[in-house]
Amino acid sequence: MSPTVAGTTLESTVRAPDVLQGRYGKVIVGPPEPHIVRRDLFTTAAVAVNRPLIAFAQMSDLHIIDDQSPARLEYTDQLADRDRPDPYPFDSAYRPQEFLTTQLVDAVCRSIARVASGPVTHLPLSLTLVTGDASDNCQYNETRWYIDLLDGNVVTPDSGTTPWDESVSGDQVGIGLHYWHPELKQWELTHRGLDKYFSAGFPAVPGLLGAARRSFDAHGLGMPWYAAFGNHDRNVQGTIGQGTLAGSQLRQWATGDFKPSSTTHQFPENYSDWGFWDQVTEGLDSIVLGSPPGVVVSADPNRRILSRTEFVQEHFKTSGIPAGHGFRTTSQTYYTVPSDPADLVQFICLDTTMDDNSDGHLESAQLSWLETQLRSNSSRFFSTSWSVQSQPDVHDKLIVLYAHHNLDSIDNGAALRTLMLRYPNVVMFVNGHTHRNHIVPYGRPANTSPGGFWEITSASHVDWPIQSRIIEVAEGDGVLSIFTTMLDIDAPLDYAGNLATPQSLAALGRELAANDIQERMRATGVDQRSGQPADRNAQLLLPMPFEIPIQPARVAISRDSSGWNNLFVLDSAGYIFGTQEQGLLGDGWGVGSFGQNYLQLDWPQTSLAAETNPDGTIELLTTESTGRLAYRQGSGAATFIEPTWSAALTMDGSLHSVGLARDSSGAMALYGANAAGALFSRRRPADAWLSWTPLDGSMRVMAAETGSNGTVWLLGISPQGRVFQRSQPAGGTFGPWLPIGGLFLTSIATATGQDGRLLLVGGDHRGHLIRMQQLAAGGQTWTTPVEFDTSAVGRVWSVAAERGYGDRIHVAVQNTAGAVYSTKQTVMNDVSQWGSWIRLPALTRSRYAVPDVRHMSPATADSYLRTHTGYFHVGTQTAESTTDLDLVGKVVSQAPAAGTLAAVGSAVNVQVGQKAPGHL
């Protein structure tokens, strides 16, 4: 068998025959195509790729064809012949390879699944986008074949009820000169002369039609896939509205026993004489409604034309994931792909189809919906007058739009383009429709901000070059790189006469597509659909529209004087929970301690740090969203058995993240970064904190740890995500910030092992947990980064580490859903040996009875509530008329009512008495 060309086109390519307008030829192996750097939207000299963000695949225009369907109009294809002075755009009415579309798509799926990851970022492919025209004629059987192909089920690409072939490629519906009859060459030579395909050198392939109809086990994608709605999924033949007279006739033909074979309609010699598209559709109506001649075939109800609702419903009948493949309801064909709050990418699918037309359109309701989605994922955008609008509380995500039509084929594409440009987080628009690879940059007006978005249009799987595309996104030093890489199908280069497997049939299908007569007769040849090299493998540059979030610590661990670790965690509202290490080996945590031993400051917090004082008490330092700092101390070693904590004290200054360590003198030292990345420190050698001291450098978060010989180590994450280190020897000053290899993280923690070496643990932007260890105690070189197995944990959001009981290090993480997990070294000083992850109880706040604050002033009520065991506080205050002058300015009623059980920290809303009008 001919060798399979596997991998991506970065390694090798499959090329069409070298003859531009010549006879039939075999496809050949071509040279690799490296990525071409495109700076159309952002000019920068150096391009770093530091943080891989996502990788996914795109399939487009599958055009799964039931070529035996009576609802096909193959006879119009001859009007598109390139030897006509002005060909008609009907060249998709018939293709010589159309009975092999299921095998071709199976080979596309196999190549995507086989590659499985991005060739640049090496990230696993998260999903596949299927950008419309999955079916060719919106038939039920075509739709089922397409879904089963992508899911990896058994596919039988045959229709009708007779054992013989009823397509125009066989001999049951006439042997027309305009079609290829792979099994009838000898008959043609004997009876009437060769059809135009044999005349062009196409081969005779006995047994091909039967092999093409044979059932096979599809490979499937093996990953989530999401579907967009195309004009061929909506309109009959991609053009004729189902509700039109012609559409109704085609719906009837589809399941009936009559197949039209030609037309009595008179076409002008030149397409340009026919006029605009509305006249074209009128002509198509005439073709269908003009009592065309035809032949009798077997009827098949599985050829029925599906409505939009029925098409969507079929996507819920799937063995793949997710159910519905993006569609949420049967009435709406645009949607957002569900994403985790911590995800950096939001996919949005548009429905660009319209009835009775092959071109695209977006109705105003969908445009309004789209703007709502863009705004909900953008902290900064432009108004319609291009003034900057800010939403500081909105979590930024890179936005990937996908649909079937490209902008030039959407009648109101200019409005869509402008809307996308107003939102810098929109970085690409992925689509198909044109059956041609093409990448177009769209930039914002010069007086706004640099950048724009890239339109990535990919060719089809029914016409040459029959490739799919991998798209990867990575960031480096504020530059966003979008890598696009083409994949050839997973099939032999030459079918070599083998009709036994779907792979070899796909190889033949690709060969036929490369030799399509109408395609090869174009001025630019069949390769015009491949696009230019820069439309295929490219690195597309943009300015990164926002900083990737770097997470201040929401988890902290500190060891008390008894040697047990104490764990502190913030819940989603910012309230503090804590528990203590327990068990014979310190491998577990106090039963019921979460929510039972609840630690509550007087306001919600956003980050925290913990360290042990010289007397064995634990120092707990927290920040709130405004940057305000507070600290308090536990009373002794058995902190969580009989918890007693000092009152929270605030300190001057404003920080975004904090770290604590004891220096060589035993003094508590605080290190922190403010919201702008500026760094500060202060010490507490005795009972009072000294003044703030600025530090050089710029970091988003810092972790502090005292290592061997009293050396204080600071580990920081820069605004670009790069990890740095610096150290201060006992009695000395801090050295410079030095990068730790090529490490990029979004959260960080550190702990000193029994042997004095520091362990670094941190989460990256993918939610993976990384560890490194100093090669020698006090050294500045580290081991190679290694990933923890966090499959049981999920995406890591925040991390903490500390050496605990038995001198083994505990690592605790909080995932993006707020759940807390921990693991501990099983062998002292061996950072490769860890126990199983333990999930701690859910962070459920304790409930207490709300006290009665009626007849108190709002200020007195608030103070009283805050000193209560439940740490309640006054929430909203509204006025309530009263004729009792003693209640004016006092709480008249409250909600929740006195005695009601409410969660710790809950607000108590009060109604305050106001003198009733007219009352003296």
Side-chain angles (χ1 to χ4, degrees), residues 53-54 123-124 126-127 223-224 321-323 328 336-347 376-377 393-398 548-557 567-579 588-596 598-600 604-608 622 625 657 701 745-749 761-771 787-801 810-824 834-847 903-906:
L53 303 182
I54 196 169
L123 292 177
S126 298
L127 51 85
M223 68 183 73
I321 55 174
R328 311 283 178 79
T336 60
V337 173
S339 62
D340 187 279
D343 284 343
L344 287 173
V345 179
Q346 176 64 64
F347 291 90
S376 66
N377 291 285
D393 295 332
V394 171
H395 174 66
D396 279 305
K397 295 188 180 186
L398 299 173
I548 295 176
I550 297 171
Q551 181 60 48
R554 299 179 63 86
V555 187
I557 307 177
L567 172 64
F568 306 90
V569 186
L570 297 180
D571 73 358
S572 59
Y575 296 109
I576 307 171
F577 292 72
T579 189
W589 298 95
V591 177
S593 57
F594 270 71
Q596 300 302 315
Y598 176 74
L599 306 180
Q600 167 70 37
Q605 308 300 302
T606 56
S607 71
L608 76 172
T622 60
S625 59
S657 71
V701 300
L745 296 175
T746 57
S747 63
I748 194 167
V761 290
D764 67 11
H765 59 277
R766 301 167 298 166
H768 295 190
L769 186 64
I770 313 296
R771 66 174 182 266
E787 287 192 11
F788 280 89
D789 179 2
T790 53
S791 55
V793 173
R795 294 183 55 151
V796 172
W797 190 22
S798 188
V799 60
H810 243 130
V811 171
V813 299
Q814 186 177 44
N815 67 17
T816 53
V820 182
Y821 293 80
S822 74
T823 183
K824 192 173 184 179
W834 298 86
S836 299
W837 287 100
I838 298 171
R839 179 168 181 170
L840 281 72
L843 305 181
T844 304
R845 281 183 271 167
S846 301
R847 301 175 70 82
V904 171
S906 294

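For clarity, every value in this text was computed on a predicted model and none was experimentally measured.
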Heavy-atom side-chain contact between [X] and [Y] under 4.5 Å:
{"X": "Arg328", "Y": "Pro338", "answer": "yes"}
{"X": "Leu840", "Y": "Ser822", "answer": "yes"}
{"X": "Val799", "Y": "Phe788", "answer": "no"}
{"X": "Leu344", "Y": "Pro549", "answer": "yes"}

Q. Under the 3.5 angstrom rule, does the side chain of Trp837 hit a backbone N or O of Ser791 as a donor-acceptor pair?
A. no
Q: Give a yes or no answer on whether the side chain of Thr746 reaches the backbone of Gly763 with a donor-acceptor pair at less than 3.5 Å.
A: yes
Nearest heavy-atom pair of [X] and [Y]: which atoms, and what distance?
{"X": "Ala800", "Y": "Ile557", "value": "CB-CG1, 3.8 Å"}
{"X": "Ser657", "Y": "Ser607", "value": "CA-OG, 4.1 Å"}
{"X": "Leu769", "Y": "Val811", "value": "CD2-CG1, 4.3 Å"}
{"X": "Ile576", "Y": "Gln605", "value": "CD1-CG, 4.4 Å"}
{"X": "Ala749", "Y": "Ala801", "value": "CB-N, 3.9 Å"}
{"X": "Pro224", "Y": "Ser126", "value": "CD-O, 3.6 Å"}

Q | Separation of Leu745 CG from Ile548 CD1 (nearest 0.5 Å) | A | 12.0 Å
**Q.** Approximate separation, where rounding is to 0.5 Å, of Leu123 CG and Leu53 CG
**A.**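 Between Leu123 CG and Leu53 CG, I get 8.0 Å after rounding to 0.5 Å.
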Q: Test Ser339 against Gln346 for side chain to side chain donor-acceptor pair (under 3.5 Å), laying out the working first.
A: CA-CA 7 Å; Ser339 62; Gln346 176 64 64; 2.8 Å; yes
Would you list the atom pairs, donor with acceptor, under 3.5 Å between side chains in residues 813-820 and any protein atom, with sequence neighbours excluded?
{"residue": "Gln814", "atom": "NE2", "partner": "Leu570", "partner atom": "O", "Å": "2.9"}
{"residue": "Gln814", "atom": "NE2", "partner": "Gly818", "partner atom": "O", "Å": "3.4"}
{"residue": "Asn815", "atom": "OD1", "partner": "Ala817", "partner atom": "N", "Å": "3.0"}
{"residue": "Asn815", "atom": "OD1", "partner": "Gly818", "partner atom": "N", "Å": "3.0"}
{"residue": "Asn815", "atom": "OD1", "partner": "Ala819", "partner atom": "N", "Å": "2.9"}
{"residue": "Asn815", "atom": "ND2", "partner": "Val793", "partner atom": "O", "Å": "2.9"}
{"residue": "Thr816", "atom": "OG1", "partner": "Asp340", "partner atom": "OD1", "Å": "3.4"}
{"residue": "Thr816", "atom": "OG1", "partner": "Asp340", "partner atom": "OD2", "Å": "3.1"}

